[in-house]
Amino acid sequence: MEFSLSTFVLEIINFLILIWILQRLFYKPLLAVIDRRKQHIDQSLADAKKLHQEADELRGLYENRQKLWMQEKRAALNALHQQIEAERSVQMDRLHVELEQERQKAKVSLTRLQQELQQQAEKQALQNGARFAGLLLQQAAGPELETRLFAMLIDHIEVLPEACNLYLQMLEQKKTVAIKVASAYPFSTELRQQLEQKLGSLINTSTAFKYYQDSSLIAGVRIDIGAWVLHANLKHELAGFAEIAYESE
């Protein structure tokens, strides 16, 4: 095979044309695509790095916020515990005060109840003593004792208090004054006359005497003049003695 220079030159020209075509139509666009792809990859890497940094920052902020939240939570729990403890202490103090007040009230009530029971027992004892004395006196009483008590009543009428005299003066406005006379034993005519004469001198108006017998008086007299009562009998004297003895305790 013979070497042809023209053929060799043409081959070189064709190769150079092919290289120019490849570089013009294929290599430069390929490089541009590769460059754009590289730029895209670099941008993606930069964005990923940026996102990673932002994620790290957010994680740091979250961790810090979580630490702060835990601290705030512990502080709030401590404050709540302190408040609960303070309120419990206040309530316990108030409860102690109220319990002490109730205890004092119960003590006072118990003391008052004991005093009332003691007073009732003493009063009952005095009343029983008065009844017992009444029974004894009832056995020993008689018309003679009643006459002496009547004499005491007559003497008492002569020195009446001012209030009694004023009441008797008020009775003068009535036409007739009803006077009830009760006695343990039948009243003799002499005693009736003596009583009517004495009261008649005090009451300047017509009087109507009514006599009746009341054995519960034991011995003595009871006189009812309207709302005013005069008595000198063992029943009332014993009851008055019991009251006076009870009040003096």
Side-chain angles (χ1 to χ4, degrees), residues 63-141 145-146 148-149 152-153 155-157 159-168 170 180 182-184 212 214-249:
E63 291 176 352
N64 291 332
R65 181 57 185 166
Q66 189 176 18
K67 290 179 181 179
L68 291 175
W69 182 79
M70 291 299 296
Q71 292 176 357
E72 292 175 355
K73 179 181 177 181
R74 285 193 293 270
L77 288 175
N78 291 333
L80 180 61
H81 290 160
Q82 292 176 359
Q83 184 178 0
I84 292 174
E85 184 64 23
E87 184 65 21
R88 187 185 71 85
S89 178
V90 171
Q91 293 296 332
M92 289 298 295
D93 292 340
R94 184 179 300 171
L95 179 61
H96 289 160
V97 172
E98 291 178 354
L99 288 176
E100 182 63 22
Q101 291 177 350
E102 292 298 327
R103 189 180 69 84
Q104 293 296 331
K105 289 180 181 178
K107 183 177 179 181
V108 172
S109 299
L110 180 60
T111 302
R112 185 181 296 115
L113 179 60
Q114 291 175 346
Q115 291 176 351
E116 290 177 355
L117 291 176
Q118 183 178 358
Q119 291 175 354
Q120 290 178 0
E122 292 174 353
K123 186 176 181 179
Q124 186 65 39
L126 290 171
Q127 291 176 350
N128 292 335
R131 281 195 294 269
F132 180 72
L135 291 175
L136 291 178
L137 291 173
Q138 192 171 10
Q139 299 296 325
L145 178 59
E146 184 169 274
R148 288 195 293 271
L149 292 173
M152 292 173 54
L153 179 63
D155 293 338
H156 180 71
I157 291 177
V159 288
L160 290 176
E162 184 63 26
C164 296
N165 292 323
L166 291 176
Y167 178 76
L168 294 176
M170 291 174 58
K180 297 179 181 180
S183 59
Y212 62 98
D214 185 0
S215 60
S216 66
L217 298 177
I218 303 175
V221 185
R222 171 191 169 99
I223 303 173
D224 293 270
I225 307 175
W228 182 40
V229 179
L230 287 173
H231 59 78
N233 57 77
L234 294 182
K235 175 183 177 181
H236 291 89
E237 295 301 328
L238 288 173
F241 172 77
E243 293 293 333
I244 293 173
Y246 175 72
E247 293 175 357
S248 63
E249 291 291 334

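Nothing fancy with the numbering, it's 1 onward along the sequence.
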Query - By salt bridge (Lys or Arg N to Asp or Glu O under 4.0 Å) - contacts of Arg88 (at least two apart) - result: Glu85
Query raised in the report: What distance do Gln66 atom CD and Lys73 atom NZ have between them, rounded to the nearest 0.5 Å?
Result: 10.5 Å
Query raised in the report: What pairs with Leu68 under side chain to side chain contact (heavy atoms under 4.5 Å, CB included), at least two apart in sequence or on another chain?
Result: Arg65, Gln71
Considering only distance and modelled atom types, tabulate donor-acceptor pairs under 3.5 Å from the side chains of residues 93-104, sequence neighbours left out.
from	atom 1	to	atom 2	distance (Å)
His96	ND1	Met92	O	3.3
Glu100	OE1	Arg103	NE	3.2
Glu100	OE1	Arg103	NH2	3.4
Glu100	OE2	Arg103	NH2	2.6
Glu100	OE2	Gln104	NE2	2.9

Requested in this report: Hey, could you give me the CG/CZ distance between Leu230 and Arg222, rounded to the nearest 0.5 Å?
Outcome: 10.0 Å
Query raised in the report: Does the side chain of Gln83 pick up a donor-acceptor pair with the side chain of Glu87 at under 3.5 Å?
Result: no
